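In what follows, a single structure is set out as structure tokens and then discussed.
Numbering starts at 1 and runs along the sequence shown. Quick caveat, the model's predicted, so the values are computed rather than measured.
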Amino acid sequence: QVQLVESGGGLVQAGGSLRLSCAASGRAFSSYAMGWFRQAPGKEREFVATISGSGITTYYEDSVKGRFTISRDNTKNTVYLQMNSLKPEDTAVYYCAADKRIPPTRVLGSYDYWGQGTQVTVSS
């Protein structure tokens, strides 16, 4: 069992930055691929980024490439999402998730554990 708690969301102006954190409890954190997803009002939850257990492999959704960076610190059982050059369309609730399978995937249904989400609001 893995419990995930996100933090770091908030209100920021367009062009600004935020760093989201996701702290995991439970064993063998480094054996899980970790992903970030987001859900805007009235829309389905969508993939943002994922990182392998070792941190070597990452994938990004096209609209965030070059602006967002996913990373992890396995000594702290934490995964991060650095978000730069934020746009109003990035406004959403952001969720982290853990996946026991390898390699990391963009597929929402593959993830086994989810956090409660953190709100990110980007004003224009």
Side-chain angles (χ1 to χ4, degrees):
Q1 188 78 8
V2 175
Q3 293 183 327
L4 304 172
V5 179
E6 302 97 335
S7 61
L11 173 64
V12 63
Q13 289 188 333
S17 298
L18 283 174
R19 188 175 83 154
L20 306 183
S21 299
C22 174
S25 63
R27 298 180 179 179
F29 175 72
S30 62
S31 69
Y32 289 85
M34 298 298 295
W36 285 98
F37 293 77
R38 64 187 180 186
Q39 188 166 18
K43 295 188 177 181
E44 294 186 350
R45 194 170 299 188
E46 65 176 6
F47 168 77
V48 175
T50 187
I51 187 167
S52 61
S54 65
I56 293 175
T57 302
T58 58
Y59 299 115
Y60 295 92
E61 194 270 329
D62 286 346
S63 70
V64 308
K65 284 180 181 177
R67 300 189 298 124
F68 291 10
T69 302
I70 189 170
S71 62
R72 65 191 296 159
D73 185 340
N74 287 342
T75 66
K76 297 181 178 180
N77 281 16
T78 301
V79 62
Y80 305 97
L81 186 68
Q82 178 66 45
M83 305 186 295
N84 298 329
S85 302
L86 282 161
K87 304 176 181 180
E89 51 264 44
D90 295 318
T91 295
V93 177
Y94 283 71
Y95 298 89
C96 73
D99 182 4
K100 293 182 289 186
R101 299 165 187 82
I102 54 173
T105 176
R106 306 165 185 262
V107 178
L108 185 151
S110 179
Y111 287 78
D112 304 287
Y113 304 103
W114 291 84
Q116 82 290 347
T118 186
Q119 176 71 47
V120 172
T121 303
V122 185
S123 63
S124 57

Inset, instruction - Check whether any side-chain heavy atom of T105 lies under 4.5 Å from a side-chain heavy atom of Y111, and answer yes or no. - result: yes

Inset, instruction - Ignoring hydrogens and angles, tell me if any N or O in the side chain of N74 forms a donor-acceptor pair with the backbone of S30 under 3.5 Å. - result: no

Inset, instruction - Of all the heavy-atom pairs spanning P104 and T50, show the shortest one and how long it is. - result: CB-OG1, 3.4 Å

Legend entry - From Y80 atom OH to D73 atom CG, the distance as rounded to the nearest 0.5 Å: 5.0 Å

Legend entry - Greater than 12 external heavy atoms within 6.0 Å of E46's CD: yes

Legend entry - Matching residue for T91 among V12, L11, V120, V122 - test: side-chain contact (heavy atoms from CB on, under 4.5 Å): V122

Legend entry - Audit row: L86, F68, side chain to side chain contact (heavy atoms under 4.5 Å, CB included) steps and yes/no: CA-CA 9 Å; L86 282 161; F68 291 10; 3.8 Å; yes

Legend entry - side chain to side chain donor-acceptor pair (under 3.5 Å) involving Y32 - partner list, sequence neighbours excluded: none

Inset, instruction - Give, for atom CZ of R72 and atom SG of C96, the distance between the pair rounded to the nearest 0.5 Å. - result: 10.5 Å

Legend entry - 4.5 Å side-chain heavy-atom contact, R38 and L81: no

Inset, instruction - Check whether any side-chain heavy atom of R45 lies under 4.5 Å from a side-chain heavy atom of W114, and answer yes or no. - result: yes

Inset, instruction - Return the minimal non-hydrogen interatomic distance between L4 and C22, and the atom names on each side. - result: CB-SG, 3.9 Å

Legend entry - Considering all heavy atoms, the nearest S124-A14 contact: CA-CB, 4.4 Å

Legend entry - Derivation of the side chain to side chain contact (heavy atoms under 4.5 Å, CB included) call for Y94 and E6: CA-CA 8 Å; Y94 283 71; E6 302 97 335; over 6 Å; no

Legend entry - Hydrophobic cluster membership, I70 vs M83, 4.5 Å side-chain cutoff: yes

Legend entry - Sub-4.5 Å side-chain heavy-atom contact between M34 and F29: yes

Legend entry - pair Y113-Q1: side-chain heavy atoms closer than 4.5 Å: yes

Legend entry - Charged N-O contact under 4.0 Å between D62 and K65: yes

Inset, instruction - Please report the C-alpha distance between Y60 and T69 in whole Å, then the side-chain angles of each, then the deciding distance to 0.1 Å, and finally whether the side chain to side chain contact (heavy atoms under 4.5 Å, CB included) criterion is met. - result: CA-CA 8 Å; Y60 295 92; T69 302; 3.8 Å; yes

